[in-house]
2 protein chains.
Amino acid sequence: MLSARQEQALRFIRGYIAEHGHGPLLDEIATALGIQSRGVAHRYVQALADAGLLLLERGRHRGIHLPSADNGSDSTLPLLGRIAAGLPIEAIPDQDEIDLSTFFMGPQRFVLKVQGDSMIEAGILPDDMVIVESREQARNDDIVVALIDGQEATLKRIRYNTDGSITLIPENSALSPMVFSNQRVQVQGVVVGQMRSYQ
Amino acid sequence: MLSARQEQALRFIRGYIAEHGHGPLLDEIATALGIQSRGVAHRYVQALADAGLLLLERGRHRGIHLPSADNGSDSTLPLLGRIAAGLPIEAIPDQDEIDLSTFFMGPQRFVLKVQGDSMIEAGILPDDMVIVESREQARNDDIVVALIDGQEATLKRIRYNTDGSITLIPENSALSPMVFSNQRVQVQGVVVGQMRSYQ
DNA sequence: CTTGAAAGTTCTCAAAAAGTTCTCTATGAT
DNA sequence: ATCATAGAGAACTTTTTGAGAACTTTCAAG
């Protein structure tokens, strides 16, 4: 089992390699961890190599590598920080890793590919994937998969009106919200995530 | 049988591990239960380990683990189909599963959290995550992480002009494209994916 | 090919942090 | 009264962490 500091070192190394394509210097690891001694950084690297989490080329400068198995089977990507216009990338202090295999996982969830641009102003574009959690009840302003008259399925923002009717709101100023009696609308699920691949 | 206090300790430990990925310190358990003595917390942990509800690495810091009642939880969600306004969900013939652990994985990739709305019309909203692949060369109209003058990091669409200059285009009609000489712009990576959580 | 700076390796010493064990005390329930 | 459950805290051991020195190897410039 890794100690707290060892984990911190591992996260830094993985992030560094992802960013630069090669391993960091011991002094860079030390600086990142806020320690003065190169020897201490080396001890951590050695422990991680012993645990099979790193591969070392003995003696070589920048001789730290990731085991190839680790590249393939691991489902975490380093979370380097925030990017904003006009500022360098700002490191995020606590969270250093995103586990893609659990980020969107949950019971009763499925994925839909989006067609059309009715939610474009909510940042949901055609061909995006939305992760939907099967549920019959939503909260106001949730984005839902709604079935109208048992026939038409749509992706819309929902609002439950005080008179019992339901308004389905497209996020596209070219389209208008529509009001339905609650018998006509059946919520099939609530959007809990969205993703898009640019490749 | 567990005493009330033991159960309370167990609940705290399980929650802590779910949240942090590693076990708590005895002092943290004590604090959570509102007691002063580390020794008392240790007594509870010992009792829970004797009952087989925890695994301990003797002596180790943070040596509390959960017995591998753990999950073989896989990281796939069903891909049900396409959703379009006006039509029922249309099944996608070939692909019926999305493996979230590999969907965005790749070498040299990292994640950034987006701040600001300079790419809002490309469907990248504040607090979205973008998956970036470290690369120094992009193609025209790729969305890139660009470093200007070695100082300012920004997320913009890139265009290489025929005269050798580079235009960085924000996807926000309130902002204007900017042209730079190619020495001033350094591409740090290309956006290959984007995701957003609604929870 | 030489050479020196940079980087990796190996040590020892020390201190702080965390786990372990123990005794003493208090409070209810049976 | 006796026992089980609780809590406090002291004393102790082990693990973890850090500093720094001394040494070796790598690497690039001349």
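A, B, ... follow the sequence lines: proteins, then strands. Residue 1 opens every chain. Worth knowing before you read on, the calculation uses all heavy atoms, side chains too, and leaves out hydrogens, waters and symmetry mates. The structure displayed is predicted, hence computed values, not measured ones.
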>> Considering every strand and a 4.0 Å limit on heavy-atom distances, what is the contact class for B:Leu25: base, sugar-phosphate, or nothing?
In response: sugar-phosphate
>> So B:Gly59, base contact, sugar-phosphate only, or nothing? Heavy-atom distance under 4.0 Å.
In response: sugar-phosphate
For the pair made of [atom1] in [X] and [atom2] in [N], what is the distance, rounded to whole Å?
{"X": "B:Gln46", "N": "C:dG19", "atom1": "CD", "atom2": "P", "result": "12 Å"}
{"X": "A:Leu26", "N": "D:dG20", "atom1": "CG", "atom2": "C1'", "result": "15 Å"}
{"X": "B:Leu56", "N": "C:dT21", "atom1": "CG", "atom2": "P", "result": "11 Å"}
{"X": "B:Ile13", "N": "C:dG19", "atom1": "CD1", "atom2": "C1'", "result": "14 Å"}
{"X": "B:Ile29", "N": "C:dT20", "atom1": "CD1", "atom2": "P", "result": "11 Å"}
{"X": "A:His65", "N": "C:dG8", "atom1": "NE2", "atom2": "P", "result": "11 Å"}
{"X": "A:Arg62", "N": "D:dC27", "atom1": "CZ", "atom2": "P", "result": "12 Å"}
{"X": "A:Asp27", "N": "C:dG8", "atom1": "CG", "atom2": "P", "result": "7 Å"}

>> Take a 6.0 Å sphere around CD of B:Glu136 and say whether it holds more than 12 heavy atoms from other residues, nucleotides or ligands.
In response: no
> Would you find a donor on one side and an acceptor on the other, under 3.5 Å apart, between the side chain of B:Arg157 and the backbone of B:Asp141?
Replying inline: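 Yes; at least one donor-acceptor contact below 3.5 Å.
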> For B:Asp117, does its backbone N or O pair with a side-chain atom of B:Asn172 as donor and acceptor, under 3.5 Å?
Replying inline: yes
> Can a donor-acceptor pair under 3.5 Å be found between the side-chain atoms of B:Ser37 and the base atoms of D:dG7?
Replying inline: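 In this structure, the two groups form no donor-acceptor pair.
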Would you say [N] has OP1 or OP2 under 4.0 Å from some side-chain N or O of [X]?
{"X": "B:Arg58", "N": "C:dT21", "value": "yes"}
{"X": "A:Ser3", "N": "D:dT17", "value": "yes"}
{"X": "B:Tyr44", "N": "D:dT5", "value": "no"}
{"X": "A:Arg38", "N": "D:dG18", "value": "no"}
{"X": "A:His42", "N": "C:dT9", "value": "yes"}
{"X": "B:Arg60", "N": "D:dT16", "value": "yes"}

> Are the charged groups of B:Asp149 and B:Arg184 less than 4.0 angstrom apart, N to O?
Replying inline: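 Yes, this pair counts.
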> Does a salt bridge link B:Arg159 with B:Asp142, judged by any charged N lying under 4.0 Å from a carboxylate O?
Replying inline: no
Among [options], find the nucleotide with the atom closest to the side chain of [X].
{"X": "A:Val40", "options": "C:dG19, D:dG7, D:dA19", "result": "D:dA19"}
{"X": "A:Gln36", "options": "C:dG19, D:dA19, D:dT17", "result": "D:dA19"}
{"X": "B:His61", "options": "D:dG18, C:dG8, C:dA18", "result": "C:dA18"}
{"X": "B:Arg43", "options": "D:dG7, C:dG8, D:dA11", "result": "D:dG7"}

> Going by atom types alone, do A:Glu28 and A:Tyr16 pair a side-chain donor with an acceptor below 3.5 Å?
Replying inline: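 Yes - a donor-acceptor pair under 3.5 Å links their side chains.
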